[in-house]
Protein chains: 2
Amino acid sequence: MAKVTLQDVAAKAGVSIALVSYVLNGVKKDRISKETAERIQQAIKELDYRPNYLARSFKKKKTFNIGLLVADIANPFSSQLARIVGNEAEAAGYTITIGSSDESATRFEKLVRSSLDRQVDGFILAAPEGSESILEYLKNEHIPVVIIDRYFPTIKINSVAVDNYESSRCAMDEFAKLGKTNIAIIGYQTQLHHLNDRIRGAVEGMHPAMVEPIIKYISEANIEADMEDTIGLLMHQGINGFFFASNKLGESGLRHLITNGARIPDDIAVISFDGTDAYNFYPNAIGCIRQPLAEMGSQAFQLLLKQIENPSMPVKQIVLKTSFSYTKPIKSQL
Amino acid sequence: MAKVTLQDVAAKAGVSIALVSYVLNGVKKDRISKETAERIQQAIKELDYRPNYLARSFKKKKTFNIGLLVADIANPFSSQLARIVGNEAEAAGYTITIGSSDESATRFEKLVRSSLDRQVDGFILAAPEGSESILEYLKNEHIPVVIIDRYFPTIKINSVAVDNYESSRCAMDEFAKLGKTNIAIIGYQTQLHHLNDRIRGAVEGMHPAMVEPIIKYISEANIEADMEDTIGLLMHQGINGFFFASNKLGESGLRHLITNGARIPDDIAVISFDGTDAYNFYPNAIGCIRQPLAEMGSQAFQLLLKQIENPSMPVKQIVLKTSFSYTKPIKSQL
DNA sequence: ATATGATGTTTAATCGTTTAAACAAATTTT
DNA sequence: AAAATTTGTTTAAACGATTAAACATCATAT
């Protein structure tokens, strides 16, 4: 019942543990006699030997485990990312340990520390507001890191993100096409650059025919109440185009637009940066800026892997393109 | 730059590594002189020493890591569970490693094996169809396990689940209240007992006034197409009550009910076992059997913890109650 | 004065691997 | 036939912690 170790295999095959290890890892292949190798393989099979990865990791100082710290694991953006990174990692023989910072820098730092204590080989991080110092620390310690979804202009560090500014700017063309000229831009009250880029992009994407947009900042801790107030107010100000800067904002905003009797898209057009499954339940077409999640996850992991294998790799900041499309509303036959 | 070890701390404090370890772990408190202890604490702080958990786990044969294998990490049921278990674990000083079997027994076994190789202290498992043999194996090896959400009648093993049969049976009373008598029951084509219990419960929950229910089995691999056919067919058979046996079935079913022009709940009432966020976007009230996710996760972890601490603990099978409620549809002011 | 006990600290083995270095035996080169 | 090389295998140290046991030193009881 006790765990089978190299020792047991070696005893059974009548060789030293070193030889078993060599066979197991395929090193010194040319030096080991065919018969011995076979005998060892046989013993491994018969005893159903399974290496103790803990011992191996300990000795080799490599855990094949990476820390993935997302912003909010309950958000489909995060959970899908986790799934993609997980698959990518598995294919490369790595496992991931997922943590959710819930956008708290304190919690984030705690998670980073605890992952470090567990000797992760690297990190993929959706770092929250105020996490610059811990990122600097990781950089100084030469710990492989890839920032995902976000970026921090003051820190030169590997990252994978989308072009938030440009995507938002272009989305305004859609409002223009539909003849919407009174635009409201709903964003978070935040210091995160990638989110503020969305606002900036939208603002600077206004067409000449449009009036000065109204910008509202929602507090993340209080989305529902804030949104209710905001939408209620704006409905009486002739807004005919809403731009929501995140999937959660859009979800909440849409709900309140409906309760306020908005007719979408005839009276009011809606564009959201990213979406959720719930959008597909909505009876009207919503414009969505789609993020290439699969590519983000895959690129982030590959970049991290390169960095793990070559710690002195020059910093690489990958910016991916988004795509734009409308949801296909379910049309009732009634 | 190199990692600070006990060795370094010991050298700095001018003591042996054993003493540092004792201070670190708070053992032999009464034997260590106050001055030495302070000197060591000082050295720990000055060097910013952080224990190598890998080494510790290796020595103590305890990783404080548990494997959480869910059915499908993309399903909110799974991801929320992961979040809850993760928090519960964190509070107890454990980490979790999440895997998604995607309901494949082969993949499930692979994940279990790989977690074992990494020396997890135990498992919380949403075991898929056909995983009995690997569960037996875990049981025989006395590896702490808690099955969650499901159960396997042939295996006596710790579990936390809801009363699927009773919940479904009682849900039929709702149809009765609404005067719905022609019920369609939509389930998965599966061998999983907890899912079939839902069907059985619904069937045996029929009221005398109801006609024999129609039961349809959807293939999980092909939900959308199967559901389209099924709903299309049933709409012409005078069905006025739909019971969906899972959140995903309900989501898909609702979509197709809308496209088929169903008027909910006037003509057709809908009850679903569990729901998703998308349900809240739906303009009509949907009956939902709600699972006590937080309690499931918490109980599962606590049960596992007890088992880890006392491996000879008698098997405990926890059955939790569900609750029933309708979604609050968003009403347009139009 | 000597045995006994308490106090404070160190020694050394151990966990299961990996891997450089040493070694012995067989083979090839001089 | 001695030297050099190749082939096949073993020895032993190391990774960073834990912990039982040993060891001093000092205080107290006899």
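A heavy atom closer than 4.0 Å to some atom of DNA chain D occurs in B/T5, B/L6, B/I17, B/A18, these being the qualifying members of residues 5-18 of chain B.
The side chain of B/K61 contributes an N or O atom lying less than 4.0 Å from OP1 or OP2 of C/dG16. Between A/S21 and C/dT18 there is a side-chain polar atom (N or O) within less than 4.0 angstrom of OP1 or OP2. OP1 or OP2 of C/dT9 lies within a sub-4.0 Å distance of a side-chain N or O belonging to B/T36. Taking 4.0 angstrom as the limit, A/N25 places a side-chain polar atom (N or O) nearer than this to OP1 or OP2 of C/dT18.
A/Y53 comes within 4.0 angstrom of nothing in the nucleic acid, heavy atoms only. B/R56 comes within 4.0 angstrom of the backbone, heavy atoms only, and of no base. Here B/K28 lies in heavy-atom contact (under 4.0 Å) with a base. Counting any heavy atom pair closer than 4.0 Å across all strands shown, A/Y22 reaches a base atom.
A salt bridge is defined here as a Lys NZ or Arg NE, NH1 or NH2 lying under 4.0 Å from an Asp or Glu carboxylate O, and A/K156 with A/E136 fails to meet this definition. One finds no salt bridge joining B/E132 and B/R150 here, because no Lys/Arg side-chain nitrogen approaches an Asp/Glu carboxylate oxygen to under 4.0 Å.
Exactly one residue among A/T36, A/V9, A/I32 makes a side chain to side chain contact (heavy atoms under 4.5 Å, CB included) with A/V23. That residue is A/I32.
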